[in-house]
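Order of the sequence lines sets the chain letters (A, B, ...), proteins ahead of strands, with each chain counted from 1. Side chains included, hydrogens not; waters and symmetry mates left out as well; all remaining heavy atoms used.
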Protein chains: 2
Amino acid sequence: MSPAPAPSTGRWPRPLVAVDVAAFTVLESDLKILLIERGLAPRALALPGGFVRCGDVVVDQGEDLEAAARRELREETRLEDGLIGQVRLRQVGAFGAPDRDPRARVISVAWLALVRPELAAFVRAGSDAADARWVRVADVEGFDLAFDHHRIVAACLARLRRDLWEGDVARELVPRAFTVGELRGVVDAVVGVPGDAANFRRRVRGLVEDGVIVEVPGHRVTARRPAQVYAFA
Amino acid sequence: MSPAPAPSTGRWPRPLVAVDVAAFTVLESDLKILLIERGLAPRALALPGGFVRCGDVVVDQGEDLEAAARRELREETRLEDGLIGQVRLRQVGAFGAPDRDPRARVISVAWLALVRPELAAFVRAGSDAADARWVRVADVEGFDLAFDHHRIVAACLARLRRDLWEGDVARELVPRAFTVGELRGVVDAVVGVPGDAANFRRRVRGLVEDGVIVEVPGHRVTARRPAQVYAFA
DNA sequence: ACAAAAGTGTTCTAGTTACACCCATGT
DNA sequence: ACATGGGTGTAACTAGAACACTTTTGT
């Protein structure tokens with residue numbers, strides 16, 4: 001709810017509040033997640049993230065949760081402001097189990113981010129990160145992640161798969177212009193197993209009829225037969 | 001993510017972290033939500049909730065977020081521990097916009113709770129609440145709620161409707177034993193508009209065949225024709 | 001010519017909707 | 001008898017899965 005006895009002062013012990021971002025992309029037909037190697041404290045692989053800025057708490061209450069997530073993503077990946085602005089963030093939930101960070105009570109709000117493959121190439125380590133790299137989701141469980149980040153990744157991944165079709169998640173993982181085959185490749189990568197190409201095409205045709213996707217003049221010239229190019233409306 | 005420079009001490013300004021619970025039930029064919037009249041500070045209607053206990057932050061990090069929500073619900077409704085234990089809580093999300101509470105930076109984690117009508121009758125105001133009452137959801141937008149609780153209510157309501165069928169939400173809103181008509185009444189109340197009775201029955205029959213619902217020996221004797229009684233498996 | 005991907009068509013099934021209808025019972 | 005809710009039947013429509021098939025290109 002909110003304070004009542006002790007408003008601004010902080011008579012009770014307060015937790016730290018952080019944001020963590022699970023950024024996904026599709027590269028080389030594989031669903032990948034962005035992990036950073038922490039430059040500080042527990043030197044392990046982790047999701048990009050950090051503490052929410054609270055200002056001085058009296059005249060300035062600081063930044064929004066989403067703004068914090070976007071800022072952390074920007075700082076640790078060195079993606080420019082303009083590029084990060086294109087990335088939409090979805091809140092997945094708060095993780096606040098008591099000893100998730102043994103050093104202090106930290107409650108973390110997890111965010112899901114979808115990054116276009118074109119942008120994904122630009123990420124490089126920044127600020128608190130010693131390294132930043134895209135890791136195959138299939139390989140993640142083999143890694144040793146900091147804190148409860150394995151749980152957070154699992155939750156974000158579930159959310160991503162759940163919202164694949166509704167909530168136009170796929171649109172944020174393909175280049176602006178794409179062929180049906182490319183879109184199918186992305187969806188297959190997210191789902192994990194390939195689906196029927198014919199049915200997929202039908203589904204896309206439905207989206208075209210609904211105006212969600214529009215046909216774009218050109219044709220993509222591939223190694224094989226050229227395909228019609230589309231774009232999200 | 002987590003601390004690194006300043007772990008336990010709190011070098012940066014820390015926010016307060018609260019939990020708010022949107023508890024729903026169905027009474028008199030209406031979907032209702034539990035609101036309390038705050039006994040403290042901003043004297044307005046609000047969701048039951050309060051601050052997360054963080055222990056001393058060094059040897060004891062305090063309680064889990066869900067535990068905090070359950071505790072607040074128990075304290076402010078005076079429902080016994082055993083009864084509250086039956087209520088399942090689902091996390092809806094974190095609300096942390098900068099000036100949602102003008103007095104201090106407060107980040108609140110919202111929880112959705114479903115309460116059986118049998119239990120709903122037992123709630124009465126407790127601890128920080130001057131009053132506690134069940135309010136028709138349809139009437140809520142007319143009320144003046146504390147902080148951003150209107151937003152929280154909207155999010156929880158959306159979540160409730162979304163998960164109505166999957167994630168067996170309905171089971172937590174009906175008495176242990178129920179007739180098809182009663183179950184339909186609850187679902188209709190949540191959805192807002194009544195559906196087709198015949199199709200609903202068919203759907204329930206499907207659940208029976210799947211073993212989700214089982215037929216219970218007795219018959220309910222109503223004002224009209226007695227109906228078969230069912231229970232969730 | 002051949003492989004490979006683009007693109008079309010067809011069938012089967014299951015689920016949802018809408019609506020007509022009978023049944024049992026308390027008043 | 002009759003209104004009311006319990007309970008059944010059915011036709012129309014829709015979405016999806018499975019799979020066979022043709023077309024177009026680069027090599």
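Rounded to whole angstrom, the span from the NE2 atom of B:His219 across to the C1' atom of C:dT25 amounts to 13 Å. With rounding to whole Å, B:Arg224 atom CZ is found 7 Å from C:dT27 atom P. We find that CG of A:Asn199 is positioned 12 Å from C1' of C:dT10, with the value rounded to whole Å.
Residues A:Leu65 and A:Val19 come closest through the heavy atom pair O-CG1, 3.8 Å. Taking every heavy atom of both residues into account, B:Ala110 and B:Cys156 meet most closely at CB-SG, 4.4 Å. When all heavy atoms are compared, the tightest approach of B:His149 to B:Asp20 is NE2-OD2, 3.4 Å.
Test B:Asp163, B:Leu164, B:Leu157 against B:Arg161 for side chain to side chain contact (heavy atoms under 4.5 Å, CB included) and you get one pass: B:Leu157.
With sequence neighbours left out, the side chain to side chain donor-acceptor pair (under 3.5 Å) criterion links B:Gln91 to no other residue. For B:Phe200, the ring pair (Phe, Tyr, Trp, His ring centres under 6.0 Å) partners two or more places apart in sequence, or in a different chain, are B:Trp165. In this structure, the side chain to side chain contact (heavy atoms under 4.5 Å, CB included) partners of B:Ala146, at least two apart in sequence or on a different chain, are B:Arg38, B:Ala44, B:Ala46. Every residue meeting the side chain to side chain contact (heavy atoms under 4.5 Å, CB included) condition with B:Arg220, not counting sequence neighbours, appears here in chain and number order: B:Ala177, B:Thr179, B:Glu182, B:Thr222, B:Val229.
Atoms CZ and CG, from B:Arg71 and B:Asp64 in turn, are 11.5 Å apart once rounded to the nearest 0.5 Å. The CG atom of A:Leu83 sits 14.5 Å away from the CZ atom of A:Arg78 when rounded to the nearest 0.5 Å. In this structure, the separation between CG on B:Leu114 and CZ on B:Arg171 is 11.5 Å, given to the nearest 0.5 Å.
Contacts of residues 191-198 of chain A with DNA chain D (heavy atom under 4.0 Å): A:Asp196, A:Ala198. Residues from residues 201-210 of chain A placing a heavy atom under 4.0 Å of any atom in DNA chain D, listed by number, are A:Arg202, A:Arg203. Within a heavy-atom distance below 4.0 Å of DNA chain D, the residues of residues 175-187 of chain B found are B:Gly181, B:Arg184.
Contacts classified as salt bridge (Lys or Arg N to Asp or Glu O under 4.0 Å) and involving residues 21-33 of chain B (residues at least two apart or in different chains) are given here: B:Glu28-B:Lys32, B:Asp30-B:Arg136. Each salt bridge (Lys or Arg N to Asp or Glu O under 4.0 Å) pair with one or both residues in residues 186-215 of chain A, not counting sequence neighbours, would appear here, but there are none. The ring-ring contact (aromatic ring centres under 6.0 Å, His included) analysis of residues 121-142 of chain A, with sequence neighbours excluded, yields no pairs.
The nucleotide range of DNA chain D contacted by chain A, defined by atoms under 4.0 angstrom from heavy atoms of the protein and reported 5' to 3', is D:dG16 to D:dG26.
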Below 3.5 Å is the cut-off: list the nitrogen or oxygen pairs between protein and nucleotides 21-24 of chain C, distance only.
unit_1: C:dC23; atom_1: O2; unit_2: B:Arg225; atom_2: NH1; d: 2.8

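The side-chain heavy atoms of A:Thr77 and A:Val115, taken from C-beta on, include no pair separated by under 4.5 Å.
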